[in-house]
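All chains are named by letter (A, B, ...) in the order of the sequence lines, taking the proteins before the strands, and each is independently numbered beginning at 1.
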Amino acid sequence: MKQLKVDAINNGTVIDHIPSGKALAVADILNLSGSNEVMIGINLNSKKVGKKDLIKIENRELSQEEVNSIALIAPSVTLTIIKDFEVIRKAKAEIPESIEGLILCPNPKCITNSEKIKTKFKVTDEKPLQVRCHYCEKKYKIDEVKIRI
Amino acid sequence: MKNLISMRDLSKEEILYFMEIAEKIEKGDLNPNMDKKLAALLFFEPSTRTHFSFATAMKKIGGQTITMRGTSSSSVKKGETFADTLQTIAQYAEIIIMRSPTEGAARYASEVVDVPVVNAGDGANQHPTQALLDLYSIIKTQGTLENLTIGVAGDLKFGRTVHSLVQAMSDFNPKFKFISPSFLKMPAYIKDDLNEKNIEFEELSEIDEKINELDILYVTRIQKERFADPEDYEKVKGSYILEKSMLKDVKKNFKVMHPLPRVGEISTDVDNTEFAYYFPQAKNGVYMRQAIIAILLGGVK
């Protein structure tokens with residue numbers, strides 16, 4: 001019999017189908033260093049995608065904003081919200097049209113880096129994912145920017 | 001329209017509306033009266049010409065101006081936030097005209113204050129009033145903005161003015177010839193935009209290479225400081241200097257434009273030809289800025 005490598009959780013969120021190697025970046029975005037129990041699986045075998053990463057977070061339901069922030073680096077993820085061992089909701093991360101407060105503008109001359117302003121970015125292209133700063137109007141590939149909640 | 005921040009915000013129709021109002025003001029068919037209106041000119045970066053042009057425009061439509069220069073004279077140094085500085089000035093003036101080295105500063109200002117904001121240049125980002133006056137100069141000399149062949153020469157990598165111009169002309173089916181040293185070429189993101197819009201362009205390295213095909217040649221300054229080795233500058237600078245002898249077979253409607261100041265990239269013997277248009281272009285800037293201020297202040301019905 002096949003054994004589950006990671007225990008099922010009682011209440012919380014399972015983030016599945018994270019591209020292999022991106023789990024730690026996702027954990028970083030979600031700021032998982034708090035007091036919740038977190039299990040991170042890296043390079044797990046997957047029938048669908050070959051190798052994948054997976055994160056289980058006990059006792060935390062992710063907000064839509066948080067889900068969207070994951071989509072920026074791992075658009076393929078699926079989320080399962082669990083309550084009393086039952087799946088109560090499944091969600092897919094969707095790339096939003098505009099992103100507020102999540103991305104730091106890499107342009108040192110951008111006003112968002114000298115004043116306390118919530119950053120705003122518009123998604124201009126999906127493949128590869130590119131965003132444009134609402135203020136300085138510079139366009140960046142998603143791996144050129146820093147993502148923060 | 002409340003603010004003028006970026007050419008990206010303007011539709012083709014809005015661009016043409018600015019042209020129409022500037023023309024009516026120039027011809028005297030429209031005389032906006034901005035009596036008792038005060039424009040605050042916030043210049044956090046030195047720019048004598050742009051400041052002078054805006055001040056002239058405001059005065060010619062009967063308004064007045066106050067000027068704040070640099071960050072040293074302001075309370076910014078005392079630790080006041082930029083937002084507070086702006087909100088205070090918005091209590092005094094009916095319109096804020098702002099130049100800043102910080103990119104996005106004018107956009108942010110427009111979100112903080114209730115009065116209209118005009119972007120008079122924000123770092124390497126946008127300079128929409130320059131783009132509009134350039135378009136006005138083109139339409140005046142060519143009778144149209146559509147289907148023109150435009151040469152753009154000089155520092156195409158760092159030149160905010162040429163980026164705005166190329167962007168602004170993109171709605172009007174132009175053909176571009178980009179003329180620059182190899183390391184000052186038009187940036188990839190601008191060329192990507194042009195490819196996406198199926199706009200034809202080619203890159204050249206001599207200013208007179210295809211000059212006879214052009215309707216407009218827009219010349220900009222190449223700053224010596226951009227060159228790592230001053231000798232390289234001396235070697236290439238001749239390729240980007242326009243001389244009268246190059247104009248023998250140009251089209252009849254051909255015009256040379258330049259945002260000024262020039263530092264030798266257009267030989268002075270060009271000045272007395274029918275093709276020189278850079279000084280009238282500066283004058284057009286005043287008409288265009290009169291139009292912009294009047295429109296934003298609701299003075300054009």
Side-chain angles (χ1 to χ4, degrees), chain A residues 25 29 63-66 68-69 71-76 94-149, chain B residues 3-10 42 44-45 71 74-77 79-87 98-113 117 119 121-128 131 158 160 163-164 166-168 187-197:
Chain A
I29 289 175
S63 69
Q64 192 57 45
E65 200 187 29
E66 290 172 311
N68 290 345
S69 67
L72 299 179
I73 61 157
S76 58
E94 272 178 33
I95 294 164
E97 263 177 43
S98 66
I99 302 151
E100 291 197 17
L102 291 177
I103 296 176
L104 300 182
C105 186
N107 175 8
K109 290 173 96 182
C110 179
I111 184 131
T112 59
N113 291 314
S114 56
E115 295 290 315
K116 278 185 186 154
I117 305 174
K118 195 176 187 184
T119 64
K120 280 187 214 167
F121 282 80
K122 266 216 158 76
V123 172
T124 57
D125 305 83
E126 294 217 353
K127 274 178 191 170
L129 189 56
Q130 292 185 67
V131 292
R132 188 189 299 284
C133 176
H134 166 74
Y135 291 99
C136 74
E137 304 186 20
K138 293 269 179 310
K139 197 168 153 180
Y140 293 100
K141 293 192 182 77
I142 202 70
D143 51 16
E144 294 174 316
V145 303
K146 210 171 171 194
I147 299 168
R148 266 276 162 265
I149 282 196
Chain B
N3 306 296
L4 179 62
I5 306 299
S6 166
M7 289 307 288
R8 269 179 216 286
D9 301 337
L10 298 184
L42 311 186
F44 299 119
E45 180 183 69
T71 48
S74 73
S75 33
V76 173
K77 271 206 170 158
E80 186 184 45
T81 65
F82 185 43
D84 281 7
T85 306
L86 289 166
Q87 294 206 65
M98 197 172 102
R99 157 78 66 122
S100 170
T102 310
E103 294 164 18
R107 174 81 65 196
Y108 176 61
S110 73
E111 292 170 353
V112 170
V113 300
V117 175
N119 185 4
D122 62 329
N125 185 31
Q126 286 271 335
H127 193 1
F158 299 101
R160 167 184 63 196
H163 300 166
S164 295
V166 166
Q167 210 175 337
Y189 72 92
I190 303 248
K191 291 190 274 188
D192 288 348
D193 281 354
L194 293 176
N195 282 329
E196 250 171 60
K197 293 176 185 161

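The local environment of NZ in K191(B) is crowded, with over 12 non-hydrogen atoms from other residues, nucleotides or ligands closer than 6.0 Å. By the 6.0 Å contact criterion, CD on E94(A) is open, its count of non-hydrogen atoms from other residues, nucleotides or ligands being 12 or less. For K146(A), the NZ atom counts as loosely surrounded, since its 6.0 Å shell holds 12 or fewer non-hydrogen atoms of other residues, nucleotides or ligands.
Nearest approach of S114(A) to T102(B), heavy atoms of both residues: OG-CG2, 3.9 Å.
Atom CG of residue D125(A) and atom CD of residue E196(B) lie 6.0 Å apart, to the nearest 0.5 angstrom. Note that CG of N125(B) and CG of N107(A) are 8.5 Å apart. Values are rounded to the nearest 0.5 Å.
Of the listed residues K109(A), E137(A), H134(A), K116(A), the one with more heavy-atom pairs under 4.5 angstrom with chain B than any other is E137(A). Note: A105(B) leads P101(B), A105(B), A83(B) in heavy-atom pairs under 4.5 Å with chain A.
Neither the backbone nor the side chain of N113(A) comes within contact range of chain B, judged by heavy atoms closer than 4.5 Å.
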Criterion side chain to side chain contact (heavy atoms under 4.5 Å, CB included) on K139(A) and Y189(B), from CA distance to verdict: CA-CA 8 Å; K139(A) 197 168 153 180; Y189(B) 72 92; 5.7 Å; no
